[in-house]
Amino acid sequence: MVDKNICIGCGTCVSICPVEAISFGDDGKAKIDKTKCIRCGACQASCPVGAIDIDN
């Protein structure tokens, strides 16, 4: 769901997620907890570099 090669760790997705399903891994990149994610698409729409694809 998060392309670690593209993610810049800006935190936009973390702040926009309505269910707090996104956090940062030890690598400083976003990671999505699929058990919490409601697939609303807010993170994908807000990512400035297009690193998130909720369909994958």
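In this text the structure is predicted, and so the values were computed from the model without any measurement.
Remark: Asp33 engages Thr35 in a side chain to side chain donor-acceptor pair (under 3.5 Å) (not counting sequence neighbours). Annotation: salt bridge (charged side-chain N to carboxylate O under 4.0 Å, His left out) contacts of Asp26 (sequence neighbours excluded): none.
Ile22 and Val19 end up in different hydrophobic clusters when Ile, Leu, Val, Met, Phe, Trp and Tyr side chains are linked at under 4.5 Å. Residue Ile6 is not grouped with residue Val2 when hydrophobic side chains (ILVMFWY) are merged at heavy-atom distances under 4.5 angstrom, including chains of intermediate members. Both Val14 and Met1 are assigned to one and the same hydrophobic cluster, defined by single-linkage of ILVMFWY side chains at heavy-atom distances under 4.5 Å.
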Worked check of side chain to side chain contact (heavy atoms under 4.5 Å, CB included) between Lys4 and Asp27:
CA-CA 9 Å; Lys4 304 284 186 177; Asp27 59 0; 3.9 Å; yes
Output a table of donor-acceptor pairs, distance under 3.5 Å, between side-chain atoms of residues 44-54 and any protein atom two or more places apart or on a different chain; print 'none' if there are none.
from, atom 1, to, atom 2, distance (Å)
Gln44, OE1, Ile54, N, 2.9
Ser46, OG, Ala42, O, 3.2
Ser46, OG, Cys43, O, 3.1
Asp53, OD1, Asp55, N, 3.0
Asp53, OD2, Asn56, ND2, 2.8

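Crowding of Lys29 atom NZ: a count of heavy atoms from other residues, nucleotides or ligands under 6.0 Å exceeding 12.
Heavy atoms only, all atoms of each residue included: Ser15 and Thr12 are closest at OG-O, 2.9 Å.
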